[in-house]
Amino acid sequence: MTNLKTQIAELLHNQIPSLTIENIFEILEVPANTQMGDYAFPCFKLAKEFKKAPPLIAKEIVDNFPTSEFVDKIENVNAYINIYLNKSWLVEQILSPILTEKENYGFDNSKSKGNIVIDFSSPNIAKPFHIGHLRSTVIGNSLYKIFEALGYNCHGVNHLGDWGTQFGKLMVAYKNYSSKEIIEEKGIEELLRIYVKFHEEAKLNPELDDEARSYFTKMEKGDEEALELWKWFKEISLNEFERVYKILDVTFDSYNGEAFYNDKMTPVIEELEAKNLIEISEGAKLVRLEEDNMPPCLITKNDGSTLYATRDITAAKYRYDTYNFEKSIYVTALQQNLHFAQVFKVVDKMGYPWANKMVHVPFGMVSGEGGQSLSTRNGNILFLEDILTEAIEKTKSIIEEKNPTLQNKDEVARQVGVGAIIFNDMYNSIIKDVIFSWEQVLNFEGETGPNVQYAHARACSVLRQANLTTPYEKIDFSLLNDEASINLAKELGKFKSVIRLAGQKFEPSFIARYAVDVAQAFNKFYHDNTILVENASLKEARLNMVLATKYTLKNALYLLGIKSPEQM
RNA sequence: GCACGCAUAGCUCAGCUGGAUAGAGCAUCUGACUUCGGAUCAGAGGGUCGUGGGUUCAAAUCCUACUGCGUGUGCCA
């Protein structure tokens with residue numbers, strides 16, 4: 001499509017030499033209504049230069065427009081120049097590249113554009129994986145695939161929350177409310193119970209918080225008993241996480257969490273001091289950010305132990321040294337906006353020019369129906385695994401009803417059920433808050449993941465029933481001249497520019513919206529046209545359209561981290 | 001208080017760096033192939049784009065003030 005648009009821009013450039021092809025390209029638009037052509041060029045901006053009314057300019061350009069093999073008609077409506085392309089040329093221009101690239105359509109697999117580090121998922125150890133962690137995991141995973149498709153070499157980092165005062169809390173809780181035996185038996189469930197209990201008790205007994213802090217300080221100083229417990233809790237949690245990542249089909253290149261930076265922070269603090277950025281206030285070390293309109297960034301507490309920001313600044317530096325990144329992306333909830341603004345600013349003040357390559361990608365919060373919060377501390381939790389299980393079960397019952405003879409139902413149910421959850425989380429702009437609703441998550445009709453998967457499965461089904469023999473070079477694309485076919489082709493042609501935009505805006509939702517658009521255009525095409533017709537050349541032409549749709553849908557879903565079963 | 005974010009149909013939201021009658025899905029109602037998968041398709045109703053100013057030939061989109069909601073704001077992450 002981009003190619004098409006460039007060619008139109010070149011034609012117009014011959015008529016309006018004062019504008020560059022790039023300028024014209026930018027002004028060119030796709031009209032809201034196909035009745036108004038395939039492309040439109042508004043002439044308002046030419047008024048000053050030509051010193052004429054825009055409609056007159058439009059008319060002159062149209063009158064002098066040379067005949068072209070791929071422009072069927074060109075006319076002006078007021079100040080707009082509407083361009084109607086030759087449809088068989090249009091369809092061929094779009095479908096040929098797709099049918100050449102096949103499974104790689106849309107993807108630049110070169111890894112030639114440099115490194116990108118994506119910090120995502122990053123759950124806190126000792127807390128179960130709940131619905132709130134899903135967003136970071138799913139969005140980060142999608143951005144990883146989007147940037148790979150754009151030609152970058154991505155590195156997924158699971159910055160585990162495996163260090164910090166919370167461990168002190170857990171240790172105090174363990175000593176007071178639990179035992180080795182119970183935790184060995186119940187695992188993370190018990191860790192959660194005592195963590196919640198700790199917060200309840202600490203409200204009445206603030207000394208508990210002090211005790212927790214001192215336990216964490218012990219950890220930082222290398223206390224053996226404390227570290228032993230820490231290691232144990234971490235193992236229990238990692239097992240749980242791995243199970244969920246497997247269901248979601250998400251992987252990481254590194255699990256270097258906060259603890260990994262424990263022995264790397266001292267040099268960074270010294271560097272901050274050497275660069276005169278540190279001020280000591282009430283016993284704590286901090287970096288003043290008043291002139292940047294932000295509160296100060298705490299580097300160490302008054303007992304000398306480190307904080308979240310200390311570890312993130314250290315991690316930022318480590319990642320640049322290790323990956324020499326073009327971008328370093330942090331996918332976390334918007335509550336952390338200030339934190340990352342501070343961290344980025346401190347890195348900037350340290351004089352590192354790559355500070356502006358760090359990006360925080362914030363997303364909105366998930367709350368329960370009725371708006372209750374779902375925080376770990378108050379124990380009001382929707383466990384992700386329960387949600388996934390429920391979605392998979394529901395999918396299975398739908399399959400039993402609609403397609404009882406399907407092979408490997410369990411695996412397909414997993415792909416569709418999980419796809420529904422993932423899709424639901426990324427269909428809207430990620431900054432929007434999400435109110436978790438079973439009704440919405442388990443709805444598989446309309447703008448949903450299963451709906452897109454269904455369109456893909458239908459395409460596969462038709463292709464299975466036909467023998468596609470003619471190579472696409474010999475297909476007569478002029479046979480695909482009905483409105484539904486042309487609209488579908490146009491939709492398919494947008495894929496690459498959609499991926500580019502999704503990357504620019506860090507918005508997987510662009511891909512999700514696009515997948516729905518393609519599915520809808522395909523459903524319409526499928527409904528209006530019988531594909532397996534007698535006329536062999538018409539059948540082959542339509543089958544190639546189906547094939548191109550299949551590649552596009554599958555690849556779009558892939559970018560979201562969703563599988564495309566051939567049957568469902 | 002200050003900072004940041006959000007505000008479009010009954011509900012959930014699109015609307016690309018301003019452009020021609022503001023679009024989907026859900027929900028409600030009506031209808032559809034004796035052939036390829038009805039998790040589909042077609043149609044109907046439903047809008048002072050939070051409010052007031054401003055910039056512009058042109059504003060849901062940009063600027064500004066206000067209102068409402070959310071988040072954050074020195075020793076959690």
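Here is the naming used below: chain letters follow the sequence lines, and residue numbers restart at 1 for every chain.
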A/Lys409/A/Glu400 salt bridge by N-O under 4.0 Å criterion: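 Here A/Glu400 pairs with A/Lys409 in a salt bridge, since their nearest N and O are under 4.0 Å apart.
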
Presence of salt bridge, A/Lys285 and A/Glu273, under 4.0 angstrom: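 The answer is yes: the pair qualifies as a salt bridge.
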
Contact state string [nucleotides 38-47 of chain B, B base, S sugar-phosphate only, - no protein heavy atom under 4.0 Å]: SBSSS-----

Contact letters for nucleotides 2-8 of chain B, in which S counts primed atoms plus P, OP1 and OP2 and B counts the base, heavy atoms under 4.0 Å: -SSSSS-

To the nearest angstrom, how far is [X] atom [atom1] from [N] atom [atom2]?
X	N	atom1	atom2	answer
A/Gln440	B/A24	CD	P	19 Å
A/Asp292	B/G72	CG	C1'	17 Å
A/Ile435	B/C69	CD1	C1'	12 Å
A/Asp312	B/A77	CG	C1'	9 Å
A/Asp38	B/A20	CG	P	17 Å
A/His339	B/C75	NE2	P	15 Å

Under-3.5 Å donor-acceptor pair between A/Thr448 side chain and B/G25 base: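 No, the side chain and the base share no sub-3.5 Å donor-acceptor pair.
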
base_contact_polar (B/C75 base, A/Glu282 side chain, donor-acceptor, <3.5 Å):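 Donor-acceptor pair under 3.5 Å: yes.
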
A/Phe129 and A/Phe241 aromatic centres sub-6.0 Å: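 Yes, ring centres under 6.0 Å apart.
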
Charged tip of A/Lys394 within 45° of A/Phe444 ring normal and under 6.0 Å: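 Yes, cation above the ring, under 6.0 Å and within 45°.
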
Side chain of A/Gln465 - closest among B/C36, B/G15, B/C26: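 Nucleotide nearest to A/Gln465's side chain: B/C36.
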
Selection from B/G37, B/C75, B/A24 that lies nearest to any side-chain heavy atom of A/Asn403: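 Between B/G37, B/C75, B/A24, the one nearest the side chain of A/Asn403 would be B/G37.
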
Dot-bracket encoding per residue of RNA chain B, Watson-Crick/G-U cut-off under 3.5 Å, | denoting interstrand: (((((((..((((.....[...)))).(((((.......))))).....(((((..]....))))))))))))....

Value rounded to 0.5 Å, distance of NZ in A/Lys396 from CD in A/Glu393: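 Result: 4.5 Å between the selected atoms.
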
